[in-house]
Every structure is written in structure tokens, then in C-alpha cells.
Amino acid sequence: MIQIDALPAFSDNYIWLLQDTAKRRCAVVDPGDAGPVLKWLEAHPGWVLEDILVTHHHHDHVGGVQALKQATGARVCGPARERIPARDLALDDGDQVQVLGMDLQVIAVPGHTLGHIAYYGAPLLFCGDTLFAGGCGRLFEGTPEQMHHSLSRLAALPAETLVYCTHEYTLSNLRFAKAVEPSNRELGQRFDDVTRLRANDRITLPSTIALERATNPFLRTAETSVKQKADEWKGHSNPSQVAVFAALRSWKDTF
């Protein structure tokens, strides 16, 4: 059994810590800061950091990689199409990598960055800044077409898939989602649940693909109500799901 914990970093990042408790070995996902990981290792003598998984090149995801590599000798796995510090294994769409005895499938998800990848091994998904709980990443490098396609690939994963994204953005994302779909009852309930969690400084992750399909507007571009709100925002009809997505993303950027 793999245990997964979140190591908070910066103001709203999570470094995911995967633990094989039987063999006292671990892996981390997107360590933007080496400090929280080194502190955990210091508090757990005898544990070995075997792997560092990276989803994309932004500093808040790779800033601690070099120091962790130097301190532990862990294997650094990251996207082939981006410059990743100390990378040992370059991964692209369709590749597989074994981590702590698990086979993880690599899914290319360009949009937030051009070389962004996600790691999937049922029922776990580590998706970096592509799919967020209740939202999606900004388009810093990619196009709406790329991001919509990437999100569609992730949305097609099994409903029970656990979504481990890398930021605590859920409450602000759901505020926007409610503006898009004020009549969505499941969204309203989720907003209330997340509001209570954050009021007690509790983490809102992981999510599930089922919950995202039901409440995340960026996965609901085929819904008539979502299209109507996107059309209102743009002041004209959006003729395709990609156009609806682009309208929603531009709205969210200024929300």
C-alpha cells in the first residue's frame, strides 16, 4: 500500500509525498522547495527518497529538485520537452515509469506549459497545474485547443480516479464555477463543503474525476447552461466547445 501525504510549500503549493511504508522508501511530486522534503526525511530516519517526479518546468515545481538530488541521489523523472534540472529520465506521452513498485502512465497535457505531463496509475493522477479542483491552469504557453484536449483526456479517466493537483486553489475556483453554473446543486454542496474545510485550514485534495465532471466548468463545456454563460460573457455565440473553453478561461483570468 502506498500512503500519500501533502507537504505544504510556499503560500499554496503541495508537494505530494508517496510512501511505501513496508520498505521505508518514498517519492515526491513537484518539489518546488527542498526544505519540506528534507525536513520530513530528517524526521523519518531510515527512509530513502527514491524518485522525484516533475510535471513541468515552472520554478514552484522544480526549485527544490537540484538540492534533493544532491542530498539523496534520487532519480529525477520529468517531461522530455522541457528543461528540468538534474533530470535522469525524460518522459513523453505514452511512456511508463515504475515508482515504488507502481506502474505510472505518462500523459502529455500541454496548455499550461507546452511540455507539461501528468502521471496516472489507477486510481492516482498527479496532474500538476493542468487540472485543478474546480478549475484548470492558466494558458502561459499553450493554446485553448491544446488545453481543452488535455482536460478532455484527463476527464476520460475512470470516475474514481483521485486527482492530486499541486495548489490549494479549490475555494477560489469554486467561486468562479458558481458564477458559471449558479443552479448546479452538486456544485453548491461542494462549495459549502470546501468553505468549511478552508475555514478550519484543512486541505481540499484529492478530488475525483467524477466530482470534477460534475462541478468543474472547464470540463463541462458541452453543457448548454455553461455555453450560455460563456456566450453572455463574450457577447456572442461560441460555436464550439473549444471556443466555450477559451471564453471561460478568459473570464476566469479577470474574475
Side-chain angles (χ1 to χ4, degrees), residues 12 30 55-58 60-61 79 81-82 92-93 106-118 120 125-157 159 161 163-184 186-188 190-191 194 205 207-255:
D12 53 34
D30 285 346
T55 63
H56 66 291
H57 67 84
H58 285 164
D60 64 318
H61 294 251
R81 298 171 187 269
E82 297 191 354
D92 212 338
D93 192 49
V106 176
I107 306 172
V109 284
H112 182 67
T113 66
L114 288 177
H116 201 304
I117 61 173
Y120 170 68
L125 172 68
F126 300 96
C127 50
D129 287 359
T130 298
L131 174 63
F132 287 132
C136 73
R138 288 178 180 262
L139 303 183
F140 286 119
E141 297 176 12
T143 65
E145 289 83 1
Q146 287 175 315
M147 188 62 135
H148 181 261
H149 182 255
S150 295
L151 291 172
S152 297
R153 292 188 73 184
L154 299 183
L157 293 172
T161 300
V163 177
Y164 290 90
C165 53
T166 326
H167 289 277
E168 185 56 73
Y169 290 165
T170 313
L171 188 56
S172 62
N173 284 340
L174 294 181
R175 287 194 187 101
F176 174 72
K178 283 188 68 174
V180 178
E181 287 194 282
S183 300
N184 183 328
E186 193 165 350
L187 170 57
R190 185 183 189 188
F191 181 81
V194 167
L205 301 170
S207 176
T208 66
I209 288 295
L211 188 56
E212 296 311 312
R213 288 178 194 158
T215 61
N216 187 329
F218 295 102
L219 302 190
R220 295 172 58 77
T221 53
E223 296 293 325
T224 301
S225 59
V226 173
K227 180 186 182 316
Q228 287 173 342
K229 282 290 187 177
D231 291 351
E232 285 178 25
W233 163 252
K234 286 307 243 184
H236 59 74
S237 178
N238 292 282
S240 67
Q241 287 193 48
V242 169
V244 172
F245 170 81
L248 291 175
R249 187 61 259 182
S250 66
W251 183 7
K252 177 66 165 64
D253 288 345
T254 59
F255 185 75

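One-based numbering along the sequence shown. The figures here come from the full heavy-atom set of this structure, side chains too, leaving out hydrogens, waters and symmetry mates.
No donor-acceptor pair under 3.5 Å is formed between the side chain of Arg175 and the backbone N or O of Phe255. The closest donor-acceptor contact from the side chain of Thr166 to the backbone of Gly128 lies under 3.5 Å. When atom types are taken as modelled, the side chain of Lys227 and the backbone of Asn238 share a donor-acceptor pair closer than 3.5 angstrom. A distance-only check finds a donor-acceptor pair linking the side chain of His112 to the backbone of Arg138 [under 3.5 Å]. One N or O on the side chain of Glu82 and one on the backbone of His116 form a donor-acceptor pair closer than 3.5 Å.
Between Phe140 and Asp129 the shortest side-chain heavy-atom distance does not fall below 4.5 Å. Between Asp92 and Val106, the closest side-chain pair of non-hydrogen atoms is not below 4.5 Å. Side-chain contact check for Arg220 versus Asn184: some heavy-atom pair is nearer than 4.5 Å. Between Glu186 and Leu211 there is a side-chain heavy-atom pair separated by less than 4.5 Å. Leu131 has its side chain within reach of Asn216: a pair of non-hydrogen atoms, C-beta onward, lies under 4.5 Å apart. Side-chain contact between Pro182 and Lys229: present, with at least one pair of heavy atoms (C-beta onward) separated by less than 4.5 Å.
Closest non-hydrogen pair, Ala177 versus Pro217, comes out as CB-CD, 3.6 Å. Closest of all the heavy-atom pairs between Leu154 and Cys127 is CD1-CB, 4.2 Å. Listed here is the closest heavy atom pair of Ala118 and Leu125: CB-CD1, 4.0 Å. For the residue pair Ala230 and Val244, the shortest heavy atom distance occurs at CB-CG1, 4.0 Å. Considering all non-hydrogen atoms of both residues, Ser150 and Ala108 come closest at OG-O, 4.4 Å. Leu139 and Phe245 make their closest contact through CD1-CE2, 4.3 Å (heavy atoms, listed as atom of the first residue, atom of the second, distance).
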Worked verdict on His167 versus His61 for ring-ring contact (aromatic ring centres under 6.0 Å, His included): CA-CA 10 Å; His167 289 277; His61 294 251; 5.6 Å; yes
Kindly indicate, with the supporting measurements, whether the criterion side-chain contact (heavy atoms from CB on, under 4.5 Å) is fulfilled by Phe132 and Phe218. CA-CA 10 Å; Phe132 287 132; Phe218 295 102; over 6 Å; no
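Side chain to side chain, Thr130 and Arg153 fail the donor-acceptor criterion of an N or O pair below 3.5 Å. For Glu141 and His56, the side-chain atoms include no donor-acceptor pair closer than 3.5 Å.
The neighbour count for Arg81 CZ, taken as heavy atoms of other residues, nucleotides or ligands under 6.0 Å away, does not exceed 12.
Atoms CZ and CG, on Arg190 and Asn173 in that order, are 8.5 Å from each other to the nearest 0.5 Å. Note that OH of Tyr169 is 12.0 Å distant from CG of Leu205, once rounded to the nearest 0.5 Å. Here the OG1 atom belonging to Thr170 is positioned 11.5 Å from the CZ atom belonging to Phe191, to the nearest 0.5 angstrom. Taking CD from Gln146 and OG1 from Thr143, the interatomic distance works out to 3.5 Å, rounded to the nearest 0.5 Å. The distance from atom CG of Leu157 to atom OH of Tyr120, rounded to the nearest 0.5 Å, is 5.5 Å. Note that OG of Ser152 is 11.0 Å distant from CE of Met147, once rounded to the nearest 0.5 Å.
Taking Thr221 as the reference, His148, Gln241 meet the side-chain hydrogen bond (donor to acceptor under 3.5 Å, both in side chains) condition, with sequence neighbours excluded. Applying the salt bridge (charged side-chain N to carboxylate O under 4.0 Å, His left out) criterion to Asp12, with sequence neighbours excluded, gives no partner residue. Judged as a side-chain hydrogen bond (donor to acceptor under 3.5 Å, both in side chains), and not counting sequence neighbours, the contacts of Trp233 are Ser250.
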